[in-house]
Structure formats: structure tokens, C-alpha cells
K.L.:
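Here it is, the structure in full.
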Amino acid sequence: MTKKEITIQLPSGLEARPVAMLVQVASQYDSEIHFETDGRTVNAKSIMGMMTLGLDTGEKVVVTAEGADEQEAVKNIEAYLSKAD
């Protein structure tokens, strides 16, 4: 299992379009991927689940991945969430 705390740096936070893009990134991997924040855990491959988190720029989230490609999955999710453009 790979687990990492990541600070969201997307300018608009995780609104509809960034969530859809994040789900696409997560869905490329076979690993199970979850986001944890404020005691809630959601499947990173679920658009509706991710939307319920309502995460904004600067907030921290713990990303957990378990599976054959877990390290690559967490690395690329972190890269996506760290985009400040």
C-alpha cells in the first residue's frame, strides 16, 4: 500500500472539470485508489464520490493506492493535483 498526503494546488480546487480529469487519471491504473479527508474516504475513480469532498486549493488530502501500479498511480495523481497553472 502506498499512502501520501498531498496539498491541492489546482487554482480552482476540485470543481467539476478538474474532478473529471482526476478520475480519468486515477482510472488509468489497476490499483484501488482512495482519497481521505476529514474522516471521509472515497473511491478516486468515482466522479460522484470525488465531488462530495468539495476540496479547494490549499487543502490537504491523503491519497491511498493498493495494487501492482500503486506507486506510479500516487505519483501521477500528485503531479496532477500539484499543477498550479
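All of these numbers come straight from a predicted model, not from anything done at the bench.
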K.L.:
Report yes or no: do Met21 and Leu81 belong to one cluster of Ile/Leu/Val/Met/Phe/Trp/Tyr joined by side chain heavy-atom distances under 4.5 Å?
P.N.:
yes
K.L.:
Assess the residue pair Lys75 and Glu78 against the criterion (side chain to side chain contact (heavy atoms under 4.5 Å, CB included)); give the C-alpha distance rounded to whole Å, side-chain angles, the decisive distance to 0.1 Å, and a yes or no.
P.N.:
CA-CA 5 Å; Lys75 182 182 87 172; Glu78 179 178 28; 5.6 Å; no
K.L.:
Tell me whether Asp56 contacts the main-chain N or O of Gly13 through its side chain, where contact means a donor paired with an acceptor under 3.5 Å.
P.N.:
no
K.L.:
Hydrogens and angles aside, do Glu70 and Thr2 bring a side-chain donor and acceptor to less than 3.5 Å of each other?
P.N.:
yes
K.L.:
Ignoring hydrogens, what is the shortest heavy-atom contact between Ser31 and Ala65? Give both atom names and the distance.
P.N.:
CB-CB, 4.5 Å
K.L.:
I'd like to know whether CD of Glu32 has more than 12 heavy-atom contacts from other residues, nucleotides or ligands below 6.0 angstrom.
P.N.:
no
K.L.:
State, to 0.1 Å, how close Thr64 and Glu36 come at their nearest heavy-atom pair, and which atoms those are.
P.N.:
OG1-OE2, 2.9 Å
K.L.:
Verify, without hydrogens or angle tests, whether Tyr29 (side chain) and Val74 (backbone) share a donor-acceptor contact under 3.5 angstrom.
P.N.:
no
K.L.:
Using every non-hydrogen atom in the two residues, find where Ala73 and Ile33 come nearest and quote the distance to one decimal.
P.N.:
CB-CD1, 3.8 Å
K.L.:
Which of these, Leu22, Thr57, Val61, Leu53, sits in a side chain to side chain contact (heavy atoms under 4.5 Å, CB included) with Leu14?
P.N.:
Leu22
K.L.:
Which pair of heavy atoms, one from Ala26 and one from Ala44, lies closest together, and at what distance?
P.N.:
CB-O, 3.7 Å
K.L.:
Nearest 0.5 angstrom please: Leu10 CG to Arg17 CZ, how far?
P.N.:
13.0 Å
K.L.:
Do Ser82 side-chain atoms and Ala79 backbone N/O form a donor-acceptor pair below 3.5 Å?
P.N.:
no
K.L.:
Just verifying a value: how many Å separate Arg40 CZ and His34 NE2, rounded to the nearest 0.5 Å?
P.N.:
14.0 Å
K.L.:
Could you report the tightest heavy-atom contact between Met50 and Phe35, atom names first, then the distance?
P.N.:
CE-CD2, 3.4 Å
K.L.:
Going from OG1 on Thr37 to NZ on Lys60, what distance comes out if it is rounded to the nearest 0.5 angstrom?
P.N.:
11.0 Å
K.L.:
So for atom CD, which belongs to Gln28, do other residues, nucleotides or ligands contribute more than 12 heavy atoms lying within a distance under 6.0 Å?
P.N.:
yes
K.L.:
Which atom names give the shortest non-hydrogen contact between Thr52 and Val42, and what distance separates them?
P.N.:
OG1-CG1, 4.1 Å
K.L.:
Please check: side-chain N/O of Asn43 versus main-chain N/O of Lys45, any donor-acceptor pairing under 3.5 Å?
P.N.:
yes
